Amino acid sequence: MPIDIIILGSGDSVGTPKLACRCETCELARKKEIPFSRLRFGILLVHYLNSDRSDTTNILLDTGPDLRFQLLRAGIEDIDAIFWTHMHYDHMVGFGDFYRNRGVIDVISTEETLNFIKNFRFKVNVNQIPLEPYIQVNYRNLKVTPFFVLHKSALTKPLGFLIEDETRKKIAITGDTGFDIPEESLKLIQDASPDVLITDMFTDADTERFKEVHMALSEAIRFAQISNAKETYLMHMSHRCRPHDELEKYLESYEHIHVAYDTQKISL
Ligand SMILES: [Zn+2]
Ligand SMILES: [Zn+2]
Ligand SMILES: [Zn+2]
């Protein structure tokens, strides 16, 4: 059955525009908003369970600080499950927005990440589903395989997810990562040859500073090229990147690599 991937937030931990920043990218974002403005990280997967699309599984990848507004904006407020990539402010604090909103919500990540978030005592009833990296599990009608990525500053060991539906359509989402992910993870993605890869691109300048934490544009392009993915979308972009239209123009020569933007819907 089809899956819609909805980009809730394509920005980095501070978002674009960054508060008090007057750079060209931030000023354009203030003036023109989407696709120039970027909220903090969030991806929503809507998996349709029947042909009239009346029944869905709604899965959220991470719970950033803009979550409440993002779900209202997407018109999808009822979430079945949260898959957490890692613990960093911009991927977790929005979880508190589920306070008093739900019965029980499935939360899926490593045991370490699930234990970490417990310390915050968010008042949300959860069903914890701990995963082991590289071990495939069935979640509802999906096959889910978590894999380690490279994100040195993360507060818990960072994960990406490979998700396959019942028609063998595959989505790989790395979350925050540098280029040099573990060999086993790269092989998992390459062997899967995902229909869609969503990966990290923090800055369009080639800089050494972020190598073990995020990718620069040239690395993200290289990662897309070696991944065997059919289409790649770059996100987690900071205001250090040139504005959206210039990035798109630059990527025109790379047919299957795209700049993600807030509210974008990718249908599989
Ligand atoms: Zn992040
Ligand atoms: Zn700026
Ligand atoms: Zn992070």
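Excluded from the calculations below are hydrogen atoms, water molecules and symmetry mates; all remaining heavy atoms, backbone and side chain alike, are included. Treat the numbers as computed from the prediction; the structure is a model and nothing was measured. All ligand and atom numbering here is 1-based and tracks the order in the structure.
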Seminar exercise, completed: Looking at H239, the N, O or S atom sitting nearest the Zn ion (ligand 2) is ND1
Exercise. Aromatic ring centroids of H91 and H151 under 6.0 Å?
Worked result: no
Exercise. Is the closest basic N to carboxylate O distance between R140 and D80 below 4.0 Å?
Worked result: yes
For this session: Could you tell me the angle subtended at the Zn ion (ligand 3) by NE2 of H151 and NE2 of H86, rounded to 10°?
Result: 100°
For this session: Quick one: the NE2 of H91, the Zn ion (ligand 1), OD2 of D176 angle, rounded to 10°, please.
Result: 90°
For this session: Ignoring hydrogens and angles, state whether a donor on the side chain of R38 or H244 is under 3.5 Å from an acceptor on the partner side chain.
Result: yes
Problem set entry | the Zn ion (ligand 1) to nearest N/O/S of D12 below 2.8 Å | no
Exercise. How is the N/O/S atom of H88 that comes nearest to the Zn ion (ligand 3) named?
Worked result: ND1
Problem set entry | Carboxylate-amine/guanidinium contact E164 R168, below 4.0 Å | yes
For this session: Specify which N/O/S atom of D90 comes nearest to the Zn ion (ligand 1), by atom name.
Result: OD2
Exercise. Do you know the tightest heavy-atom contact between L268 and I171?
Worked result: CD1-CG1, 3.4 Å
